[in-house]
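We're numbering straight along the sequence, starting at 1.
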Amino acid sequence: MSQNSSSAPRSRGFTLVELLVVIAIIGVLVALLLPAVQQAREAARRMQCTNHLKQYGIALHNYHDTFGTFPAGYISGSTAGLSGEDIDSETSDAAPGWGWQAQLLPMLEQGALADQLDWRMPAWAAAHRPLIQFQTTTMLCPSSAGDDQPFTLVDAGNNPLSKSGGPMLVGRTHYVASHGQEECWGNCSSVAGPFGGDVSKIADGPFYRNSKVKMSSVIDGLSNTVFLGEHTSRLSDKTWVGAVPGAFVHPRILSPDNGTESAATLLLVHSGPAAGEVDSLGNPIIHPPNFPAMHVGQMQADHPGGANVLLGDGSVRFVPETIDRNVFSFMSSIAGGEVASDF
């Protein structure tokens with residue numbers, strides 16, 4: 001008796017319509033999950049950035065315990081008798097130029113590097129060239145969408161700046177120090193002083209040229225004063241090394257109200273308002289983090305909605321970019337006497 005072939009079991013696959021439905025469902029699930037995954041990753045990056053600033057806060061307090069002051073924004077020696085590459089004739093920035101982060105190296109577990117630097121010599125001396133290219137992950141924010149490698153300093157025309165016989169390659173950082181509300185990147189010609197202008201008569205923040213700010217000088221309170229913050233290399237280059245005479249900082253993102261600034265902005269930023277600084281409409285400029293004017297001298301981060309800042313007491317806060325401008329300005333001076341509500 002022959003077996004009826006029609007009674008054999010038949011395998012059944014997906015129809016085209018069913019396959020398309022499955023693909024559509026998977027696509028919807030991915031679309032729903034992807035933002036959550038991205039948010040989780042950004043939260044982790046922001047936490048890592050916060051930890052970097054906390055390390056800087058501990059280093060600043062250890063420095064103060066050791067020397068009785070916070071480090072200078074950058075060190076500029078006497079301009080008497082200097083010429084050539086060791087002085088900037090326009091800003092009066094002069095050798096040795098070492099910045100606040102360079103001075104913190106021993107407190108950031110980089111004592112071996114610090115011991116190789118001759119602090120009496122210019123930061124741009126030939127002997128320092130292989131050393132000043134150094135950088136660590138602590139100096140970089142993982143959320144920054146810009147470059148994370150050493151970069152070449154440039155002059156006012158955005159051409160490589162030649163020092164000690166050639167272009168200068170320096171280590172990068174995404175963290176900057178607060179100069180206060182006012183800015184005095186240049187000579188501050190309205191005041192006199194042995195170092196090309198007494199910046200302390202204008203600067204009202206914790207870090208500026210040859211600053212020696214003590215905790216007791218922060219009359220507004222350490223917990224109410226912004227010391228450090230972020231600056232993404234997507235906007236402009238910053239270095240831990242120092243202020244190098246003849247160097248300039250150029251914005252990568254252009255706006256009607258931004259432009260090139262001198263070497264101090266390799267290390268420092270300010271909040272405004274500053275005397276003589278107005279926008280294209282003639283209004284005084286105050287720039288909290290992520291301000292749309294995109295100044296190279298402002299705090300700028302690639303975290304959604306704001307930026308991390310380090311306060312003088314060592315705590316780290318996330319400042320929303322929607323913060324009241326005056327509040328952020330009040331928190332940028334060390335002894336302005338302003339009353340700023342908590343953000």
Could you check whether any side-chain N or O of [X] sits under 3.5 Å from a backbone N or O of [Y], counting only pairs where one atom can act as donor and the other as acceptor?
| X | Y | value |
| --- | --- | --- |
| Lys54 | Gly314 | no |
| Lys238 | Val296 | yes |
| Gln181 | Asp204 | no |
| Asp88 | Asp93 | no |
| Asn290 | Ala301 | yes |
| Lys212 | Gly68 | no |
| Ser178 | Gly205 | no |
| His179 | Glu182 | yes |
| Thr239 | Gly171 | yes |
| Glu261 | Val249 | no |

Consider only side-chain heavy atoms of I, L, V, M, F, W and Y, link residues closer than 4.5 Å, and tell whether [X] and [Y] are in one cluster.
| X | Y | value |
| --- | --- | --- |
| Leu104 | Trp240 | yes |
| Val154 | Leu235 | no |
| Val241 | Leu131 | yes |
| Met121 | Leu169 | no |
| Phe67 | Tyr74 | yes |

State, without any angle test, whether [X] and [Y] hold a side-chain donor-acceptor pair at a distance under 3.5 Å.
| X | Y | value |
| --- | --- | --- |
| His270 | Ser332 | no |
| Glu42 | His303 | yes |
| His52 | Thr138 | no |
| Ser315 | Asp313 | yes |
| Ser262 | Glu90 | no |

**Ring geometry between His287 and His295 (parallel below 30°, tilted from 30 to 60°, perpendicular above 60°)** = tilted
**side chain to side chain contact (heavy atoms under 4.5 Å, CB included) evaluation trace for Asn210 with Val199** = CA-CA 8 Å; Asn210 294 328; Val199 180; over 6 Å; no
Min side-chain heavy-atom separation [X]-[Y] under 4.5 Å:
| X | Y | answer |
| --- | --- | --- |
| Leu108 | Thr136 | no |
| Arg252 | Asp237 | yes |
| Leu268 | Phe207 | yes |
| Pro71 | Leu60 | yes |
| Ile87 | Pro245 | no |
| Met107 | His61 | no |
| Gln135 | Thr173 | no |
| Ser329 | Pro273 | yes |

**Request:** Evaluate the ring pair (Phe, Tyr, Trp, His ring centres under 6.0 Å) criterion for residues Trp100 and Tyr63: first the C-alpha distance (whole Å), next the side-chain angles of each, then the deciding distance (0.1 Å), finally the verdict.
**Result:** CA-CA 11 Å; Trp100 62 272; Tyr63 186 98; over 10 Å; no
**Asked** Stepwise, does the side chain to side chain contact (heavy atoms under 4.5 Å, CB included) test hold for Leu267 with Gln101?
**Response** CA-CA 9 Å; Leu267 318 161; Gln101 288 188 70; over 6 Å; no
Nearest atoms (heavy-atom pairs only) where [X] meets [Y]:
| X | Y | value |
| --- | --- | --- |
| Met139 | Tyr175 | O-CD1, 3.4 Å |
| Ser255 | Pro292 | CB-O, 4.2 Å |
| Trp98 | Gln103 | O-NE2, 3.5 Å |
| Gln298 | Val269 | O-CG1, 3.5 Å |

**Request:** Take Ser271 and Phe330, measure what side chain to side chain contact (heavy atoms under 4.5 Å, CB included) needs, and give me the verdict at the end.
**Result:** CA-CA 9 Å; Ser271 69; Phe330 295 162; over 6 Å; no
**Item:** Arg45 bridged to Asp302 by N-O distance under 4.0 Å
**Value:** no
**Message:** Between the side chains of Asp148 and Arg172, is the shortest nitrogen-to-carboxylate-oxygen separation below 4.0 Å, so that they form an ion pair?
**Reply:** no
**Item:** Single hit among Val176, Val309, Asn308 for side-chain contact (heavy atoms from CB on, under 4.5 Å) with Glu230
**Value:** Asn308
**Message:** Once rounded to the nearest 0.5 Å, what's the spacing between atom OG of Ser144 and atom NE2 of His231?
**Reply:** 9.0 Å
**Interatomic spacing from CG in Leu311 to CG in Asn224 - rounded to 0.5 Å** = 8.0 Å
